[in-house]
Amino acid sequence: MRIFAMIVSKELLSFLRSIGLVAVVLYSFTLDVYIAGSGIQIKPRNVVVGYVDKTGGGVSQKILARLHQPEFRPPVAFLSQKALSNAIFNKEVMVGILFDSDFEKNYKSGKKAQINLLLDATAASQSLTTFMYLQNIVFDFQSVNFPIELKSHKLFNQNADNHSFMALTELLSIITLLIVILTAIVFVKEKEDGTWDIMLLTPINPKIIILAKSFSQVLIVMAGVVLSLGFVLFDQFDVPLNGSFWAFMLLTFLYSISSAGIGLFVAAVSKNVMQVAQLSIIIMMPLIFLSGAWTPVYAMHPVFQTLSLFSPLRYYIEATESIFFRGTEFIDLWPYFSGVLLLGTLLYWYGFRKIGKLF
């Protein structure tokens, strides 16, 4: 146990002496998470709307008056559809509205009045969400007596704030990438520095060396998680924690060990740090895609839904969202803990065995 603690301490000191590596870890757990949470906008914001109004009436202007900040900038008038289309082509305008000359006359006479929209679908989420906004505005002008009221109740995220979700998802992805890369680098640097053969000659059980080196990187990631939670998620985004903090930390520890197993495999087949970076991306990106971090699992093809069952990140993300937003009790988290523990044991065992053959 004393040797184990000494190796862990040595690796932690070595990490702290590597200014570049420390800077990368600090950036990843702070600024990167903050940028992901604050920089990605799904709701319309500062959308530039252009319009061509040939009606000369007041109904069209009343509709345009509903487009207010911060969702929309003041609408810009164009003289022709061609000029408006050119503005959309040059990305000066995202949404174009065309009011035909008969629009107001048809509206007041009770006939079918038509508004033509030109959407820049290269910004698909923003433009389609903007379309829904405009659709709701038009519905307000229709005097239709519909005897049903649709009243929504937002569960788990009452303000429908996507910033907290994006920041938390980014943190989980960062944990995945960093634990793999750090675990692999701590072994590969021994090869690059020429100290691998010296390490083999030490009268220490290779199993202790592998366990201690990988455990030290898990501790670094756990410290980064606490830092990110305190200074970014809780302080900047006010992410709710409705469940147990210690359940999340225990789950993160188990997941970090499972990802460290992937890092051991990468270290076993890599000869330098460049290969570590390449292999880590190749291995981890499919796991992230299949985890539901960017696309809900239920929206995937059935084949990919089945494959996602073999991604420990899927269980980790679902459990984390249940802890933070749903306030799920610890006893009800056992399916996620079981998935992380089972896959984590297999991954760490395989990585441990793979790199153990080099000793």
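- Note: Ile175 CD1 to Ser28 OG = 11.5 Å, rounded to the nearest 0.5 Å.
- Between Phe325 and Phe165, the gap from one ring centroid to the other is short of 6.0 Å.
- When side chains are defined from C-beta on, Thr169 does not count as touching Met166, because their heavy atoms never get closer than 4.5 Å.
- Considering every non-hydrogen atom in both Leu219 and Leu12, the closest pair reads CD1-CD1, 4.5 Å.
- In this structure, Val273 is a member of the same hydrophobic cluster as Ile179, with clusters built from ILVMFWY side-chain heavy atoms closer than 4.5 Å.
- The same ILVMFWY cluster, assembled from side-chain heavy atoms under 4.5 Å apart, contains both Phe324 and Ile174.
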**Message:** Evaluate Leu333 against Ile323 for side chain to side chain contact (heavy atoms under 4.5 Å, CB included), listing each step before the verdict.
**Reply:** CA-CA 8 Å; Leu333 295 171; Ile323 292 172; 3.6 Å; yes

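- Counted within 6.0 Å of CZ on Phe310, heavy atoms from surrounding residues, nucleotides or ligands total 12 or fewer; the atom is thus considered open.
- Here the CD1-OG distance, from Ile97 to Ser60, works out to 10.0 Å after rounding to the nearest 0.5 Å.
- Contact between Gly96 and Val93 at its shortest, heavy atoms only, is N-CG1, 4.4 Å.
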**Request:** Go through Phe99 and Asn116 one step at a time and tell me if the side chain to side chain contact (heavy atoms under 4.5 Å, CB included) criterion holds.
**Result:** CA-CA 7 Å; Phe99 296 98; Asn116 294 302; over 6 Å; no

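- Rounding to the nearest 0.5 angstrom, the gap separating the CG atom in Leu233 from the OG atom in Ser164 is 8.5 Å.
- In this structure, the side chain of Glu170 does not engage the main chain of Ala36 through any donor-acceptor pair within 3.5 Å.
- Put simply, Val221 and Leu16 are part of the same group of oily side chains (I, L, V, M, F, W, Y) that touch within less than 4.5 Å, one to the next.
- Using a 30° and 60° split on the angle between ring planes, Tyr133 and Phe72 fall in the perpendicular class, above 60°.
- Screening Leu67, Leu119, Ile115 for a side chain to side chain contact (heavy atoms under 4.5 Å, CB included) with Leu134, the sole residue that qualifies is Leu67.
- Ser214 and Tyr348 get closest at one heavy-atom pair: OG-OH, 2.7 Å.
- Taking both residues in full, the closest heavy atoms of Gly356 and Ile210 are given as CA-CD1, 3.9 Å, listed atom of the first, atom of the second, then distance.
- Counting only heavy atoms from C-beta outward, the side chains of His301 and Phe304 approach each other to under 4.5 Å.
- Close placement of the Phe215 and Phe4 rings is indicated, their centers lying within 6.0 Å of each other.
- No more than 12 heavy atoms of other residues, nucleotides or ligands sit less than 6.0 Å from atom CE of Met6.
- A distance of 9.0 Å separates CD1 of Ile35 from OG1 of Thr30, quoted to the nearest 0.5 Å.
- Between Tyr51 and Gln61, some side-chain heavy-atom pair lies under the 4.5 Å cut-off.
- The backbone N or O of Thr55 sits less than 3.5 Å from a side-chain atom of Asp53, completing a donor-acceptor pair.
- Nearest heavy-atom pair across Val8 and Ala212 is CG2-O, 3.6 Å.
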**Request:** Take Arg73 and Met94 through the side chain to side chain contact (heavy atoms under 4.5 Å, CB included) test and state the conclusion after the steps.
**Result:** CA-CA 11 Å; Arg73 293 183 182 179; Met94 180 182 291; over 6 Å; no

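- Using a 4.5 Å cut-off on side-chain heavy atoms (C-beta onward), Ser85 and Leu118 make contact.
- Checking side-chain atoms of Asp235 against main-chain N and O of Gly230 turns up no donor-acceptor pair under 3.5 Å.
- A continuous path of Ile, Leu, Val, Met, Phe, Trp and Tyr side chains, each step under 4.5 Å between heavy atoms, connects Met249 with Ile317, placing both in one hydrophobic cluster.
- Between Phe352 and Leu211, the closest side-chain pair of non-hydrogen atoms falls below 4.5 Å.
- By the rule that hydrophobic residues join a cluster once side-chain heavy atoms approach within less than 4.5 Å of another member, Val297 and Ile288 end up as members of separate clusters.
- Separation of atoms CG (Asn205) and CD1 (Ile208) is listed at 5.0 Å; rounding is to 0.5 Å.
- Closest approach of Ser311 to Leu287, counting heavy atoms only: OG-O, 3.2 Å.
- Within the 4.5 Å cutoff, side-chain heavy atoms of Ile185 are placed close to those of Ile181.
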**Prompt:** Taking it one step at a time, do Phe29 and Val232 satisfy side chain to side chain contact (heavy atoms under 4.5 Å, CB included)?
**Reply:** CA-CA 8 Å; Phe29 279 113; Val232 183; over 6 Å; no

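- In this structure, Phe330 and Phe337 have side chains that are in contact, with non-hydrogen atoms separated by less than 4.5 Å.
- A distance of 5.0 Å separates CG of Leu98 from CD of Gln81, quoted to the nearest 0.5 Å.
- The closest side-chain heavy-atom distance from Val48 to Glu92 is not below 4.5 Å.
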Check residues 251-271 and write down every donor-acceptor pair under 3.5 Å in which the side-chain atom is one partner and the other belongs to a residue at least two apart or another chain.
| unit_1 | atom_1 | unit_2 | atom_2 | d |
| --- | --- | --- | --- | --- |
| Thr252 | OG1 | Phe248 | O | 2.8 |
| Thr252 | OG1 | Tyr316 | OH | 2.8 |
| Tyr255 | OH | Thr176 | OG1 | 2.6 |
| Ser256 | OG | Thr252 | O | 2.7 |
| Ser258 | OG | Tyr255 | O | 2.6 |
| Ser259 | OG | Tyr255 | O | 3.3 |
| Ser270 | OG | Val266 | O | 2.7 |

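- With ring centers used as reference points, Tyr34 lies 6.0 Å or more from Phe231.
- Checking Thr328 against Tyr336 by side-chain atom types alone, no donor-acceptor pair falls below 3.5 Å.
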